[in-house]
Enquirer: 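Okay, here's the structure, questions in a sec.
Reminder, nothing fancy here: chain letters follow the sequence lines and each chain counts from 1.
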Amino acid sequence: MEHNTIRVRFAPSPTGLLHIGGLRTALFCYLFARGQGGTVVLRIEDTDRSRFVPEAEADIAAALAWIGLSVDEGPTVGGPFGPYRQSERKALYHRHVKRLIAQGDAYYAFDTPAQLTELRSAGAAYNVATRMDMTNSLTLPADEVSGRIADGQAHTVRLRVPADRTIRFEDMVKGSVTVESSGIDDQVLIKSDGMPTYHLANVVDDHLMQITHVIRGDEWLPSVAKHILLYEALGWHCPAMAHLPLILSPNGGKLSKRSAQRLGLPVNVRDYQSAGYEPEAVVNFLAFLGWNPGTRQEVFSLAELEKTFTLERVGSAPARFDLDKLQWFNAQHLRRLSAQELWDRACPYLVEVAPDHGVAAAALVQDRIILARDLAETYPYLFTPPDDYDPRGVRRRWKQDSPALVEAYAERLSQLASWEESALETALRSLAAEHKVGAGCLIHPARLAVSGTTAGPSLFALLRVLGQTEVVERLHRAVAVL
RNA sequence: GCCGCGUUCGUCUAGGGGUCUAGGACGCCGGCCUUUCACGCCGGUAACACGGGUUCAAAUCCCGUACGCGGUACCA
């Protein structure tokens, strides 16, 4: 693929399994980049040792692969701007921070957690108003600062945030945003364990990796001002920004693991996978949460989305999660599959070995199911004879004359030379006429006998798919049992 | 608390001064099709948060209020 200069990154934190909201961010990054012929970078933001989960990175990769998002550069594929894990880029951050300190835009701070707590409980913040009262390289003599560092005393590096700056920027989805620097604390840039904070690592990496568009969740919008201050101090250009509206739980609150569980919703991408949703449906559903093409089309493949997606059409209000809609999308995408593909996807849910009429069975119920697993779970009789017969159905449909009629039909069918739907129907209707009863007196008991239920696909299509031997056997058995 | 962002049917949304008696989709309800149940088709239900401006004209622009979400960490 021909790549132009557009470079976008998806930068998750490996603190747990990839969340559905994180996947949506990844999707929008991907769609924007692919639509522009740009490059997709995966960067692992593992600067928080305390929350680091070793399996998380593999889960992220698996989730992206599952829904079909390819990555051009990243920790496993490599690329010219690596390494792609922030924990492996420590030296880079320190190099740039040294410059900031030398320029007077950042300073060492030696305050203890207790001091900081005291500061906050006094209702104050670490900023212009208070920094000269704290223990830092702004207030300590130079030789004491170097002494403390040489002694290995715990310290952080903080950004010296200017007192009265109005920071204005244009967000591609939110529009114009204004923030006063007076409301921003002197941000920690390097933590006492030597790791960079998100803000520093993010700015340094986005610049070094030549990221042109920062596309991420709305929760970062207030941080942009801090980042702009950093870009300015470092003398770098700020990439274009696009902050995506958050996905809310169906009742409007935050879509947290707990709230989702309470509502019976999957949260992690792998939960969607194991619940049986198709990747195409998840993609389509996620794309329509906060974005729409402005046309009547609703069902999109990933490739179609790549062509159609624009950031301009991303809305700015948070969107609630709607499971009904996901299910509808799932049903729609199932119908776009060939019968063979549908059968392949349903196979994992079948306990029995794949029968040779599997594809025909899939075609039979393709437009009736919501999940591929429904093929196995709501139509088990397509593959195994019914264990029992719906009692309500028996009461309603299995009449006095049913055994004789069904037996006669079985007899007729065993004699049949052609196993075409029309032949099956003709046989039934003529038999009914001979017995001077309506066709329904035979159709309903026959369905019950063959499937154990009163609902399902057209009887004759069902019989055709099941095959002569099986059908005759099931009819006989029902007559014997009922 | 302070700061930022947001607010059109229950939900996702179209619309960005007159074409809006506000359109589509999901859901829900009804009908048709089908001697079953779905699908499909047809129809129905239901919204511009509130209050002030600006304007000949406001869902659309401005201000305020309410509500929601986010941020305010040596988490990202």
Enquirer: With no hydrogens and no angle check, just 3.5 Å: does a side-chain donor-acceptor pair link A/Tyr93 and A/Asp205?
Expert: yes
Enquirer: Measure from the ring center of A/Phe285 to the ring center of A/Phe321 and say whether it is less than 6.0 Å.
Expert: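 Yes, close enough.
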Enquirer: Pull out every residue in residues 445-453 of chain A that has a heavy atom closer than 4.0 Å to any atom of RNA chain B, ordered by number, or say none.
Expert: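 Residues of residues 445-453 of chain A that come under 4.0 Å of RNA chain B are, in numerical order, A/Arg447.
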Enquirer: Looking only at atom P, what distance separates B/rG51 and B/rC29, rounded to whole Å?
Expert: 34 Å
Enquirer: In whole angstrom, what separates A/Lys226's NZ from B/rG70's C1'?
Expert: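 It is 12 Å, rounded to the nearest whole Å.
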Enquirer: Please tabulate, one pair per line, all N/O donor-acceptor pairs under 3.5 Å involving side-chain atoms of residues 456-463 of chain A, not counting sequence neighbours.
Expert:
none

Enquirer: On the ring face of A/Phe28, is A/Arg24 found with NZ or CZ under 6.0 Å from the centre and within 45° of the axis?
Expert: yes
Enquirer: Looking at RNA chain B, which of residues 83-97 of chain A put a heavy atom within less than 4.0 Å of it?
Expert: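 None - not one residue of the stretch has a heavy atom sitting under 4.0 Å from the strand.
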Enquirer: To the nearest angstrom, how far is A/Asn251 atom CG from B/rC67 atom P?
Expert: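 Nearest whole value for this atom pair: 18 Å.
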Enquirer: When the P atoms of B/rA73 and B/rU65 are compared, how many Å lie between them, rounded to an integer?
Expert: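 Looking at atom P only, B/rU65 and B/rA73 are 25 Å apart.
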Enquirer: Please name all residues satisfying side chain to side chain donor-acceptor pair (under 3.5 Å) with A/Arg95, sequence neighbours left out, ordered by chain then number.
Expert: none
Enquirer: Enumerate the residues from residues 110-137 of chain A whose closest heavy atom to RNA chain B is under 4.0 Å, giving them by residue number; use none for an empty result.
Expert: A/Asp111, A/Leu116, A/Arg120
Enquirer: Quick check for you: among B/rC75, B/rG70, B/rA25, whose closest atom lies nearest to any side-chain atom of A/Glu219?
Expert: B/rG70
Enquirer: Looking at residues at least two apart in the chain, or sitting in another chain, which of them share a salt bridge (charged side-chain N to carboxylate O under 4.0 Å, His left out) with A/Glu470?
Expert: A/Arg474
Enquirer: Enumerate the protein-to-nucleotides 4-11 of chain B contacts in which both atoms are nitrogen or oxygen and the separation is below 3.5 Å.
Expert:
unit_1	atom_1	unit_2	atom_2	d
B/rC5	O2'	A/Lys174	NZ	3.2

Enquirer: By a strict heavy-atom criterion of less than 4.0 Å, which residues belonging to residues 189-205 of chain A are in contact with RNA chain B?
Expert: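 Per residue number, the list reads A/Lys191, A/Ser192, A/Tyr198.
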Enquirer: Which pairs of donor and acceptor atoms, one on a side chain in residues 386-395 of chain A, lie under 3.5 Å apart (sequence neighbours left out)?
Expert:
unit_1	atom_1	unit_2	atom_2	d
A/Asp390	OD1	A/Arg392	N	3.4
A/Asp390	OD2	A/Gly393	N	3.2

Enquirer: Give each protein N/O atom lying under 3.5 Å from an N/O atom of nucleotides 15-20 of chain B, with the pair distance.
Expert:
unit_1	atom_1	unit_2	atom_2	d
B/rG15	OP1	A/Arg313	NH1	3.3
B/rG15	OP1	A/Arg313	NH2	3.4

Enquirer: Under the side chain to side chain donor-acceptor pair (under 3.5 Å) test, which residues partner A/Lys325, sequence neighbours left out?
Expert: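 Side chain to side chain donor-acceptor pair (under 3.5 Å) check on A/Lys325 returns nothing, list empty.
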Enquirer: Nearest to the A/Gln332 side chain among B/rG40, B/rC69, B/rG27, which nucleotide is it?
Expert: B/rG40
Enquirer: Which nucleotides of nucleotides 29-34 of chain B have their base under 4.0 Å from a protein heavy atom (B), which only their sugar-phosphate (S), and which neither (-), written as one string 5' to 3'?
Expert: ------
Enquirer: Within this structure, what is the CG-to-C1' distance between A/Leu244 and B/rA76, rounded to whole angstrom?
Expert: 16 Å
